[in-house]
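Side-chain atoms are counted along with the backbone in the values below, which use heavy atoms only and exclude waters and symmetry mates. Protein chains get the first letters and strands the later ones, always in sequence-line order, with residue 1 at the start of each.
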Amino acid sequence: MIAMIVMESSNNGIKFRKAKYNDIKEATYMLLNLVPPGKVTTYKELAILLSTSPRVIGRALKENNKPIIIPCHRVVGSNGHLKGYSMGGLEVKKRLLLIEGVEVKNYTVPKKYILKLTDILMS
DNA sequence: ATTTGCTCAGCTC
DNA sequence: GAGCTGAGCAAAT
């Protein structure tokens, strides 16, 4: 688990507050930057790490304000199925993954390409 | 492979 | 508040 609580510093000192939606969004993007090309992760995994629901992760990715910087295409469903991709649809998502060296058969990514974020974070 | 029911946060009214 | 919506999940069929 990474960030349920956000720490903020101000002139007064340090404050803690509950993570808001925007915090989840930022955290999602940060985690996504840990996924190397040629690998993918899942909505579920991100949701667990950020202690939210998979659907919120999807929403966060869809609303990303920093296109290109955020490799949204490296996120698939827990079963390996491609889910959505607002910037051009599944076809584009598939193509991007193929370019990066990820096999995509019938809109499904084989398990061996699914990276467990928890493994990285614990190592 | 497809259907069915559950979940949870954001959005709208 | 109440009700709707989903870039989801998992179990049952």
Side-chain angles (χ1 to χ4, degrees):
Chain A
M1 231 177 273
I2 297 218
M4 296 164 54
I5 301 294
V6 178
M7 188 173 80
E8 278 178 333
S9 60
S10 63
N11 345 4
N12 293 355
I14 299 180
K15 293 199 315 196
F16 293 91
R17 61 177 172 74
K18 211 167 164 187
K20 292 189 233 165
Y21 177 52
N22 278 338
D23 304 320
I24 302 282
K25 264 162 89 168
E26 284 186 34
T28 305
Y29 304 150
M30 287 201 294
L31 288 173
L32 217 43
N33 281 316
L34 297 180
V35 182
K39 292 283 182 184
V40 298
T41 187
T42 68
Y43 297 96
K44 187 184 178 185
E45 184 92 16
L46 293 169
I48 292 171
L49 286 168
L50 300 178
S51 58
T52 183
S53 68
R55 292 199 139 150
V56 173
I57 302 296
R59 183 187 299 263
L61 294 177
K62 184 176 184 179
E63 295 174 357
N64 84 80
N65 31 7
K66 318 170 188 177
I68 302 173
I69 299 179
I70 318 292
C72 326
H73 58 278
R74 287 184 207 144
V75 188
V76 302
S78 67
N79 50 4
H81 264 88
L82 300 200
K83 285 297 172 184
Y85 192 63
S86 60
M87 320 284 298
L90 292 186
E91 273 304 323
V92 176
K93 187 168 182 172
K94 181 177 161 188
R95 209 171 305 149
L96 288 170
L97 288 172
L98 289 172
I99 290 171
E100 294 185 348
V102 178
E103 274 180 79
V104 183
K105 295 175 187 168
N106 202 6
Y107 296 99
T108 303
V109 176
K111 278 185 190 168
K112 61 175 175 174
Y113 293 100
I114 300 179
L115 185 64
K116 282 197 177 172
L117 284 176
T118 44
D119 289 350
I120 305 185
L121 296 167
M122 300 306 172
S123 60

Inset, instruction - Please round to the nearest 0.5 Å and tell me the distance separating atom NZ of A:K112 and atom CD of A:E103. - result: 5.0 Å

Inset, instruction - Rounded off to whole Å, could you give me the NZ-to-P distance for the A:K25 and B:dA9 pair? - result: 16 Å

Inset, instruction - For B:dT7, give its Watson-Crick or G-U wobble partner with both distances under 3.5 Å, or none. - result: none

Inset, instruction - Using a 4.0 Å cut-off on protein heavy atoms (strictly under), produce a 5'-to-3' string for nucleotides 2-7 of chain C with B for base contact, S for backbone-only sugar-phosphate contact, and - for none. - result: ----BB

Inset, instruction - Enter the distance from A:M30:CE to A:I70:CD1 here, rounded to the nearest 0.5 Å. - result: 10.5 Å

Inset, instruction - Could you check if a side-chain atom of A:I48 sits within less than 4.5 angstrom of a side-chain atom of A:E45, using non-hydrogen atoms only? - result: no

Legend entry - A:P36 side chain near A:L115 side chain, heavy-atom distance below 4.5 Å: yes

Restricting both atoms to N or O, compile the protein contacts to nucleotides 10-13 of chain C shorter than 3.5 Å, with distance only.
{"residue": "C:dA10", "atom": "OP1", "partner": "A:K44", "partner atom": "NZ", "Å": "2.3"}
{"residue": "C:dA10", "atom": "OP2", "partner": "A:S78", "partner atom": "OG", "Å": "3.3"}

Inset, instruction - Could you tell me the separation between the CG atom of A:L50 and the P atom of C:dG8, rounded to a whole number of Å? - result: 16 Å

Legend entry - Close side-chain approach of A:T52 to A:L46, heavy-atom, < 4.5 Å: no

Inset, instruction - State, with a plain yes or no, whether a side-chain heavy atom of A:T41 is found less than 4.5 Å away from one of A:L31. - result: no

Inset, instruction - Kindly indicate whether the side chain of A:N64, heavy atoms from C-beta on, has any atom under 4.5 Å from the side chain of A:C72. - result: yes

Legend entry - Length of the line joining A:E45:CD and C:dC9:C1', which is rounded to integer Å: 14 Å

Legend entry - Test item: A:Y43 and A:L61 side chains (from C-beta on) under 4.5 Å apart, heavy atoms: yes

Inset, instruction - Quickly work out the A:I57 CD1 to C:dG8 P distance and round it to whole Å. - result: 12 Å

Legend entry - Paired nucleotide for C:dA7 [Watson-Crick or G-U wobble; both distances under 3.5 Å]: none

